[in-house]
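So the structure is just underneath, and the comments pick up after that.
In this chain, numbering begins with 1 at the start of the sequence shown.
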Amino acid sequence: MTYLELVNDVLVRLREPTVSTVIQTAYSTLIGKFVNDAKRQIEDAYAWNVLGQTITLSTVAGTYSYSLTGSGQKFQVIDVLNVTSNIGMKNIDFASMNRKQNFSTPVSGIPSEYAFDGVDGSYDTKVTLYPRPDGVYSIPFSLTIPQATLSSNSTVVAVPDVLVVQNAYARALVERGEDGGLSSSEAYLLYKSMLSDYIALEGTRYPENQEFVAV
């Protein structure tokens with residue numbers, strides 16, 4: 001469903017007139033905020049396969065700090081490989097990496113370790129490699145990256161749309177108060193049950209993600 005369709009679906013459940021654009025009225029704009037809040041909560045609940053992206057670094061000899069362009073700061077790491085050397089990259093803590101880079105003469109060779117280290121001017125996460133690359137290596141980072149905030153009417157939400165609608169509906173009921181329809185607590189409990197079902201279904205295909213906490 002598109003951003004506009006999500007908003008209108010929630011409005012219908014609230015017995016409100018639908019709109020032709022999300023920002024048509026103050027109330028539809030508010031529902032749009034609830035839709036984005038719901039999207040973020042659902043994205044945080046599980047490493048959804050639909051949010052998976054691969055960002056590949058191509059190293060330069062002597063350069064050991066790189067930006068993960070397009071990663072932002074809120075992502076989950078699925079796997080990191082040095083495919084040139086056929087090895088899995090190990091994520092070490094920042095302090096250990098900092099000591100390796102500064103306490104002695106840094107080693108140059110095949111990168112096998114990485115640590116995250118701040119952000120660049122575009123607010124994308126930076127990563128440091130060790131040993132410092134002595135040549136060109138291809139290092140793909142398999143990540144789960146949240147979708148950007150919905151703003152255009154035609155943007156299609158990536159995570160399950162029925163979950164977004166149900167969560168946003170529960171939020172709208174809390175804001176408006178009870179009006180004889182489904183209570184906000186009942187709506188939220190229904191959302192949590194639906195979320196658990198969707199995660200359980202997807203987890204059958206990805207055993208590494210079978211443990212979760214519904215939020």
> Do the side chains of Val157 and Tyr3 get nearer than 4.5 Å, heavy atoms only?
Replying inline: no
>> With a 3.5 Å distance limit and no angle check, can you tell me whether Glu43 reaches the backbone of Gln147 through a side-chain donor-acceptor pair?
In response: yes
>> For the backbone of Gln73 and the side chain of Tyr123, can you confirm whether one donor and one acceptor N or O come within less than 3.5 Å of each other?
In response: no
> Are side-chain heavy atoms of Leu143 and Val77 found at a separation under 4.5 Å?
Replying inline: yes
>> Applying the side chain to side chain contact (heavy atoms under 4.5 Å, CB included) criterion to Lys39, which one of Asn36, Val35, Asp37 satisfies it?
In response: Asn36
> Would Asp117 and Met97 satisfy side-chain contact (heavy atoms from CB on, under 4.5 Å), going step by step from the backbone distance to the final call?
Replying inline: CA-CA 9 Å; Asp117 183 10; Met97 178 64 76; over 6 Å; no
> Does any N or O in the side chain of Trp48 come within less than 3.5 Å of the main-chain N or O of Ile42, such that one atom is a donor and the other an acceptor?
Replying inline: yes
> Hey, does Pro106 have a side-chain heavy atom less than 4.5 Å from the side chain of Pro131?
Replying inline: no
>> Assess the residue pair Gln41 and Arg171 against the criterion (side-chain contact (heavy atoms from CB on, under 4.5 Å)); give the C-alpha distance rounded to whole Å, side-chain angles, the decisive distance to 0.1 Å, and a yes or no.
In response: CA-CA 12 Å; Gln41 186 176 21; Arg171 291 171 183 270; 2.9 Å; yes
> Checking salt bridge (charged side-chain N to carboxylate O under 4.0 Å, His left out) for the pair Arg13/Asp9: CA distance, chi angles, key distance, verdict?
Replying inline: CA-CA 6 Å; Arg13 294 166 188 262; Asp9 198 326; 2.8 Å; yes
> Taking it one step at a time, do Asp124 and Thr69 satisfy side-chain hydrogen bond (donor to acceptor under 3.5 Å, both in side chains)?
Replying inline: CA-CA 6 Å; Asp124 285 322; Thr69 303; 4.9 Å; no
>> Quick test of your reading: applying ring pair (Phe, Tyr, Trp, His ring centres under 6.0 Å), list the pairs with at least one residue in residues 124-157, sequence neighbours left out, ordered by first then second residue.
In response: Tyr114-Phe141
>> Between Glu5 (side chain only) and Met1 (backbone N and O only), is there a donor and an acceptor less than 3.5 Å apart?
In response: no
>> Among residues at least two apart in sequence or on other chains, which ones pass side-chain hydrogen bond (donor to acceptor under 3.5 Å, both in side chains) with Ser142?
In response: none
>> By the ring pair (Phe, Tyr, Trp, His ring centres under 6.0 Å) test, which pairs, at least two apart or in different chains, include something from residues 72-103?
In response: Phe75-Phe116
> Counting N and O atoms only, with roles assigned by atom type, does the side chain of Thr125 sit under 3.5 Å from a partner on the main chain of Val119, one being a donor and the other an acceptor?
Replying inline: no
>> Using a 6.0 Å cut-off, check whether atom CG of Leu51 has over 12 heavy atoms from anything other than its own residue.
In response: yes
>> side-chain contact (heavy atoms from CB on, under 4.5 Å) for Val136 and Thr84? Distances and angles first, verdict last.
In response: CA-CA 8 Å; Val136 178; Thr84 302; over 6 Å; no
> Where do Ser67 and Leu57 come nearest, in terms of heavy atoms and distance?
Replying inline: O-CD2, 3.6 Å
> Do Asn167 side-chain atoms and Leu163 backbone N/O form a donor-acceptor pair below 3.5 Å?
Replying inline: no
> In this structure, are over 12 heavy atoms from other groups packed under 6.0 Å from Lys100 atom NZ?
Replying inline: yes
> Any donor-acceptor pair under 3.5 Å linking the side chain of Asn82 with the backbone of Pro111?
Replying inline: yes
> If you draw a 6.0 Å radius around CG in Leu189, do more than 12 non-hydrogen atoms from other residues or ligands fall strictly inside?
Replying inline: yes
> After noting the C-alpha distance and the side-chain angles of Tyr27 and Leu11, does the key distance pass the side-chain contact (heavy atoms from CB on, under 4.5 Å) rule?
Replying inline: CA-CA 9 Å; Tyr27 195 61; Leu11 288 172; 3.8 Å; yes
